[in-house]
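Notes for the one structure printed next.
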2 protein chains.
Amino acid sequence: MATIKQTAAPLPLNKILAGDCIAEMNKLPEGSVDLIFADPPYNLQLKGDLHRPDNSKVDAVDDAWDQFSSFAAYDRFTRDWLKAAHRILKPNGAIWVIGSYHNIFRVGASLQDTGFWVLNDVVWRKSNPMPNFRGKRLTNAHETMIWAAKSEAGKYTFNYEALKAMNDGVQMRSDWLLPICTGHERLKDENGDKAHPTQKPESLLHRVLVATTNPGDVVLDPFFGTGTTGAVAKRLGRDFIGIEREEAYRKVATKRIDSIRRLDKDALEVSTSKRAEPRVPFGTLVERGMLNAGDKLYSLNGRHSAKVRADGTLVAHDTKGSIHQVGAHLEGAPSCNGWTYWYFKRDGKNVPIDLLRQQIRAEMKH
Amino acid sequence: MATIKQTAAPLPLNKILAGDCIAEMNKLPEGSVDLIFADPPYNLQLKGDLHRPDNSKVDAVDDAWDQFSSFAAYDRFTRDWLKAAHRILKPNGAIWVIGSYHNIFRVGASLQDTGFWVLNDVVWRKSNPMPNFRGKRLTNAHETMIWAAKSEAGKYTFNYEALKAMNDGVQMRSDWLLPICTGHERLKDENGDKAHPTQKPESLLHRVLVATTNPGDVVLDPFFGTGTTGAVAKRLGRDFIGIEREEAYRKVATKRIDSIRRLDKDALEVSTSKRAEPRVPFGTLVERGMLNAGDKLYSLNGRHSAKVRADGTLVAHDTKGSIHQVGAHLEGAPSCNGWTYWYFKRDGKNVPIDLLRQQIRAEMKH
DNA sequence: ATGGGATTTGAATCTCAAC
DNA sequence: TGTTGAGATTCAAATCCCA
């Protein structure tokens, strides 16, 4: 076991450390980091080339850093970096690790063996995954993230209300639907090729950091790559520490993060407070007479209708409750944003009830 | 290691075996089962329902300080039953295991260590999960299933077209949205309480069995519970073997399965891929005079043409060979499906040569 | 500028029977 | 056991191209 150097130096905040993540983490003081986000190598075991049905070749992940000789070798690597990560976390700190079926079971078991306490596994559902071209398996349409506290006793950070607000007022679930990283967000090298084979979308890190850190927290990423964690941390007013072995990735990440603007304090408060916009109860519309008890509302798809009641709830033929609850029930869906689901008739036309909410919000700004 | 009894007795099909799953699996002949579906216990507190293969009881460990040895005991249990499961699977057999973040990482790692080859991890997204009442974590809205072949070389069953058909014509993804088991489907005991704490919905097993078995296959469930696997297997014309220790569960399952009706043969037929269709050599079309030597074929994109030769090969201006080879050469592609690439003229219109193959296949069915 | 159609691309353990 | 060759196989989104 390597000796761990303890330094009295201040944390290297908002810097990218060059080197092996285990060695670099071991240089940092014990209990100094609030959150770790880690996107370790997945240990893919690809055999030959893969072509699409149109005969184009898939640009596979064939980088040396993703190669391990065996599961045992991968497990050793995993346990070593997790142990180093565990040491530098504050007692109330937490970790996120992302992976696929190739590695996530080994990572999860090692996490538990290292003493981490799993809080949730979160499924990143890709809205636009790569299909299965040969029709031999299911489309690999998700990746798994594990969220774990440093220990069972850790009082981890969880901004429940912020996430609920981000989710139209209902509890955030463990499955998150987000697109993969493409377009302008996807960093390119000087040849116009992708700068990194597995760049994660900023939206994913945004949700992770809003959920489990506060402004001013220190977020460390031991597999920094092109710096998505650093970019989002900076924008959200968190401090970051990146560790990356490859100079090419460090270079791209540095340039990327330099161009990010830190959100000002107001914006940060808004993004983490209950709602970006002031909450308007549906009942307010009834109180104000914009809608009246007994009025009929119609669903977006025209298949359902409901009647407004005096207390701001709805009643349909076999159910009653909030605009969201009734919509969800009628659609057989887990949740429903009633504001965009329900319409009322005005001059024979369908008008979304959200229009009335917008009128109220506009008034509130005066 | 316990000695494995080999019996010449026929498989105990469509029966529920009473006893420990490891002991019972060890009584079955090697390589005799097509699919295993397993919903193992995951109470890491080991409150008395974990047993070693020799039926000795694993010491209950619930002290927080001994959490690691508890994981170790669970790993032993997992490896033992997975090893027994591996032995009884046919070479082309496969396994499904379902779990949550409490146990699925350990199960997944043990699967890989046992020699199983992971094909997909599948997320069961619950449309109606239990909310997180205390607002301290994300709503635990999914469970994870791992689908794995007996070995990397195994030619596992996957009814790609059937699943695609079930999914409105686009290939099935790795995230499945299904409601939890409630209502009439949820079995009750004589007191009206739920008969089993974790009864799985039949819809989940339906999709699993349609996807990865064929009618007549043998499906084994080592943690049978109230027999969802058996009920769906029977309805879908598969044979099942259940193993269950608890008499109360066996009783409920027996009654349940007795009341299930097997679907008739027509209802069991699913869409199949072209791969399953009989092979028709291109030369057959020439032999039969559907095309003649000297006829001209035109490419899909209209850029190329070739002449049919008497032996069922094609010749273009600088190449000759099979319909596939010539197509690939002309397109500069690594491969080409000649059946969909080449067209011939009939009454001035372009007709794909695949139409002729379909005629021959239709005749072959008579 | 705008819109419609063609092209490109993404963490992938991606064929199989016959010889 | 390995090699050969027939032939089966893709979805959502961003971008590019051209009218």
Side-chain angles (χ1 to χ4, degrees), chain A residues 39-63 65-68 71 98-104 124 126-144 177 179-186 188 192-194 196-201 223 225, chain B residues 92 112 116-121 148-149 152-153 155-156 158 160-161 164 167-174 272-283 301 312-313 321-328 333-342 353-354 357:
Chain A
D39 183 9
Y42 284 13
N43 189 25
L44 300 183
Q45 292 153 59
L46 306 174
K47 301 294 188 292
D49 288 342
L50 178 66
H51 291 87
R52 299 184 181 82
D54 65 2
N55 277 322
S56 62
K57 194 178 155 201
V58 175
D59 185 11
V61 179
D62 52 3
D63 307 71
W65 51 253
D66 199 46
Q67 310 293 324
F68 292 83
F71 279 133
I98 184 167
S100 67
Y101 67 82
H102 309 85
N103 71 323
I104 198 65
W124 168 29
K126 302 179 185 184
S127 57
N128 48 350
M130 178 156 56
N132 185 290
F133 296 116
R134 311 306 295 270
K136 300 309 289 181
R137 303 182 179 193
L138 300 160
T139 306
N140 214 331
H142 75 278
E143 294 187 28
T144 301
L177 180 66
I180 62 176
C181 183
T182 57
H184 296 300
E185 191 187 325
R186 188 84 198 220
K188 304 291 195 300
D193 299 324
K194 53 190 176 190
H196 191 283
T198 70
Q199 186 182 338
K200 296 294 175 287
F223 306 98
Chain B
N92 294 334
Q112 293 175 315
F116 287 100
W117 187 248
V118 177
L119 298 168
N120 276 120
D121 59 334
E152 185 176 354
K155 297 187 192 304
Y156 55 92
F158 181 50
Y160 174 75
E161 291 292 344
K164 188 171 172 178
N167 196 36
D168 283 333
V170 295
Q171 59 178 212
M172 187 70 80
R173 299 171 36 122
S174 55
T272 57
S273 76
K274 282 190 190 165
R275 260 190 275 267
E277 301 275 322
R279 198 178 93 86
V280 176
F282 177 71
N301 53 27
T313 59
S322 73
I323 54 173
H324 317 293
Q325 287 168 335
V326 174
S335 70
C336 170
N337 184 344
W339 289 107
T340 53
Y341 180 77
W342 292 110
I353 61 172
D354 202 32
R357 181 170 65 161

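Chain identifiers are assigned alphabetically (A, B, ...) following the order of the sequence lines, protein sequences preceding nucleic acid strands; residue numbering begins at 1 within each chain.
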Using only side-chain N and O atoms of Lys194(A), determine if any of them is under 4.0 Å from OP1 or OP2 of dG10(C). yes
Determine the Euclidean distance between corresponding C1' atoms of dT10(D) and dT8(C); express it in Å to zero decimal places. 13 Å
Ignoring backbone atoms, establish whether Tyr160(B) has a side-chain N or O less than 4.0 Å from OP1 or OP2 of dT10(D). yes
Base of dA8(D), side chain of Ser335(B) - is there a donor-acceptor contact under 3.5 Å? yes
Can you check whether Lys164(B) has a side-chain N or O nearer than 4.0 Å to OP1 or OP2 of dT10(D)? yes
Specify the separation, in whole Å, of atom CG of Asp62(A) and atom P of dG10(C). 13 Å
Whole-angstrom distance between dA11(C) and dT15(D), as gauged at atom P: 15 Å
Starting at CZ of Phe282(B) and ending at C1' of dA8(D), how long is that distance when rounded to a whole Å? 18 Å
Would you please confirm or rule out a distance under 4.0 Å between OP1 or OP2 of dG7(D) and any side-chain N or O of His324(B)? yes
Do Lys155(B) and dA17(C) have a side chain to base donor-acceptor pair shorter than 3.5 Å? no
Work out how far the C1' atom of dA19(D) is from that of dA1(C), and round it to whole angstrom. 13 Å
Evaluate the criterion salt bridge (charged side-chain N to carboxylate O under 4.0 Å, His left out) for residue pair Glu143(A) and Lys126(A); output intermediate values, then yes/no. CA-CA 8 Å; Glu143(A) 294 187 28; Lys126(A) 302 179 185 184; 2.8 Å; yes
Value in whole Å for how far the P atom of dA11(C) lies from CG of Asn132(A): 15 Å
Quick note, Ala60(A) side chain, CB onward, closest among dC16(C), dA12(C), dA8(D) is dA12(C)
May I have the distance from Gln67(A) (atom CD) to dA11(C) (atom P), rounded to whole angstrom? 17 Å
Winner on side-chain proximity to Thr182(A), out of dT15(C), dT9(D), dA14(D), is dA14(D)
The nucleotide from dA13(D), dT10(D), dC16(C) with an atom nearest the side chain of Asn128(A) is dA13(D)
Has the side chain of Arg52(A) got a donor or acceptor that lies under 3.5 Å from a partner of the other kind on the base of dG10(C)? yes
Side-chain N or O of Arg279(B) less than 4.0 angstrom from OP1 or OP2 on dG5(D)? no
Spacing of His184(A) atom NE2 relative to dC16(D) atom C1', expressed in whole Å: 12 Å
Look at Gln325(B) and dG5(D) and indicate whether a side-chain polar atom (N or O) is within less than 4.0 Å of OP1 or OP2. no
So does Ser322(B) get a side-chain nitrogen or oxygen closer than 4.0 Å to the phosphate oxygens (OP1/OP2) of dA6(D)? yes
Between P on dA12(D) and CE on Met130(A), what's the gap in Å once rounded to a whole number? 15 Å
Any Lys200(A) side-chain nitrogen or oxygen under 4.0 Å from OP1 or OP2 of dA11(C): no
Within less than 4.0 Å of OP1 or OP2 of dA8(D), is there a side-chain N or O belonging to Asn337(B)? yes
Dot-bracket, DNA chain C: Watson-Crick or G-U, under 3.5 angstrom, [ ] crossing, | other strand? .|||||||||....|||||
Nearest-Å distance, CG (Asp59(A)) to C1' (dT7(C))? 17 Å
Arg137(A) side-chain N/O to dT9(D) phosphate OP1/OP2 under 4.0 Å: no
Separation of dA12(C) atom P from Lys126(A) atom NZ, nearest Å, is 7 Å
